[in-house]
Amino acid sequence: QVQLVESGGGLVQAGDSLRLSCAASGRTFSVLRMGWFRLAPGKEREFVAAITWSGGFTYYADPVKGRFTISRDNAKNMVYLQMNSLKPEDTAVYYCAAGLSIGGIKSESLYDYWGQGTQVTVSS
């Protein structure tokens with residue numbers, strides 16, 4: 001089992017920045033990739049960003065490219081999502097997820113463990 005706990009969400013204005021953190025514990029040695037997804041009101045949960053645990057390769061959804069940066073600290077079992085130039089459409093609950101395989105890194109169904117989510121609200 002892998003446990004994930006997100007933190008860092010909040011209420012900000014458009015153009016502001018936030019950094020989300022995800023603390024992983026348990027059988028983290030089995031994790032091959034970490035991802036961030038978000039769920040906005042009235043929408044389906046969508047992929048935001050992902051990173052491979054060992055090589056640090058990163059992947060981003062088009063709406064956040066150039067504004068968000070995913071990173072990890074293997075020694076601390078932490079994953080971060082730096083969000084800059086936030087927009088009202090970024091408002092959502094953000095979830096951290098861990099996958100035990102590499103394939104389909106943007107596919108929600110291929111992640112094995114999920115955190116409880118953290119709310120990000122961006123006002124205009």
Side-chain angles (χ1 to χ4, degrees):
Q1 292 288 331
V2 176
Q3 294 77 42
L4 304 172
V5 179
E6 303 98 333
S7 61
L11 172 63
V12 297
Q13 294 186 331
D16 285 351
S17 298
L18 271 179
R19 189 177 82 153
L20 304 183
S21 300
C22 175
S25 61
R27 299 173 62 88
T28 56
F29 59 86
S30 62
V31 173
L32 295 184
R33 43 121 169 218
M34 298 290 294
W36 286 96
F37 290 77
R38 65 186 182 186
L39 178 61
K43 296 184 178 181
E44 296 185 351
R45 189 157 57 182
E46 64 176 0
F47 170 78
V48 175
I51 188 167
T52 58
W53 199 244
S54 59
F57 296 103
T58 57
Y59 306 82
Y60 296 95
D62 287 342
V64 307
K65 281 181 181 177
R67 300 189 297 124
F68 290 12
T69 302
I70 187 171
S71 62
R72 89 264 191 252
D73 184 331
N74 290 19
K76 296 181 179 180
N77 288 329
M78 295 290 296
V79 176
Y80 307 98
L81 185 67
Q82 178 66 43
M83 306 186 294
N84 298 330
S85 302
L86 282 162
K87 304 176 181 180
E89 51 263 44
D90 293 319
T91 295
V93 177
Y94 284 71
Y95 296 89
C96 175
L100 306 183
S101 62
I102 288 294
I105 200 164
K106 298 182 180 181
S107 300
E108 175 184 351
S109 62
L110 297 181
Y111 283 81
D112 303 277
Y113 300 100
W114 293 83
Q116 81 289 348
T118 185
Q119 176 72 47
V120 172
T121 303
V122 185
S123 64
S124 57

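All values below come from the heavy atoms of this structure, side chains included, with hydrogens, waters and symmetry mates left out. Computed from a prediction, not measured in an experiment: that's the story for all the values here.
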Enquirer: Report the residues that fulfil salt bridge (Lys or Arg N to Asp or Glu O under 4.0 Å) with Arg38, sequence neighbours left out, ordered by chain and then residue number.
Expert: Glu46, Asp90
Enquirer: Under the 3.5 angstrom rule, does the side chain of Arg72 hit a backbone N or O of Trp53 as a donor-acceptor pair?
Expert: yes
Enquirer: Looking at Phe57, is its backbone amide N or carbonyl O close enough to the side chain of Thr52 to form a donor-acceptor pair, meaning the two atoms are under 3.5 Å apart?
Expert: yes
Enquirer: Under the rule for ring-ring contact (aromatic ring centres under 6.0 Å, His included), what residues qualify as partners of Tyr111, not counting sequence neighbours?
Expert: Phe37
Enquirer: Between Ile70 and Tyr59, is there a side-chain heavy-atom distance shorter than 4.5 Å?
Expert: no
Enquirer: Report whether Ile51 and Trp114 are members of the same hydrophobic cluster (ILVMFWY, side-chain heavy atoms less than 4.5 Å apart, transitive linking).
Expert: no
Enquirer: Give, for atom CG of Asn74 and atom OG of Ser54, the distance between the pair rounded to the nearest 0.5 Å.
Expert: 8.0 Å
Enquirer: Which residues pass the side-chain contact (heavy atoms from CB on, under 4.5 Å) test with Glu44, sequence neighbours left out?
Expert: none
Enquirer: List in chain and number order the residues that pass side-chain contact (heavy atoms from CB on, under 4.5 Å) with Thr121, two or more places apart in sequence or in another chain; answer none if no residue qualifies.
Expert: Leu11, Thr91, Gln119
Enquirer: Would you give me the side-chain donor-acceptor pairs under 3.5 Å for residues 102-110, sequence neighbours excluded?
Expert:
residue, atom, partner, partner atom, Å
Glu108, OE2, Arg45, NE, 2.9
Glu108, OE2, Arg45, NH2, 2.8

Enquirer: Output all residues satisfying side-chain contact (heavy atoms from CB on, under 4.5 Å) with Ser30, sequence neighbours left out; order by chain, then residue number.
Expert: Val2, Arg27, Leu100
Enquirer: For the pair Val48 and Tyr95, evaluate side-chain contact (heavy atoms from CB on, under 4.5 Å) and give the outcome as yes or no after the intermediate values.
Expert: CA-CA 9 Å; Val48 175; Tyr95 296 89; over 6 Å; no
Enquirer: Tell me the disulfide (SG to SG under 2.5 Å) pairs involving residues 40-74, sequence neighbours left out?
Expert: none
Enquirer: Apply salt bridge (Lys or Arg N to Asp or Glu O under 4.0 Å) to Lys65 and list each qualifying residue two or more places apart in sequence or on a separate chain.
Expert: Asp62
Enquirer: Taking disulfide (SG to SG under 2.5 Å) as the cut-off, I'd like each qualifying pair that reaches into residues 79-124, sequence neighbours left out, listed once.
Expert: Cys22-Cys96
Enquirer: Roughly how far apart are Ser71 OG and Met34 CE, rounded to 0.5 Å?
Expert: 11.5 Å
Enquirer: Check whether any side-chain heavy atom of Phe68 sits under 4.5 Å from a side-chain heavy atom of Leu86, and report yes or no.
Expert: yes
Enquirer: Answer yes or no: are there more than 12 heavy-atom neighbours, outside Gln116 itself, under 6.0 Å from its atom CD?
Expert: yes
Enquirer: Using modelled atom types and a 3.5 Å cut-off, is there a donor and acceptor pairing between side-chain atoms of Gln13 and backbone atoms of Ser123?
Expert: no
Enquirer: Please collect all disulfide (SG to SG under 2.5 Å) contacts where either partner lies in residues 43-84, sequence neighbours excluded, each pair once.
Expert: none
Enquirer: Taking atom CH2 of Trp36 and atom CZ of Phe47, what is their separation to the nearest 0.5 Å?
Expert: 12.5 Å
Enquirer: Under 3.5 Å, which donor-acceptor pairs do the side chains of residues 76-85 form with other protein atoms, sequence neighbours left out?
Expert:
residue, atom, partner, partner atom, Å
Gln82, NE2, Asn84, OD1, 2.9
Asn84, OD1, Ser17, OG, 2.9

Enquirer: Provide the full list of disulfide (SG to SG under 2.5 Å) pairs with a residue in residues 41-91, sequence neighbours left out, each pair given once.
Expert: none
Enquirer: Supply the atom-to-atom distance Ser124 OG to Lys87 NZ, rounded to the nearest 0.5 angstrom.
Expert: 14.0 Å
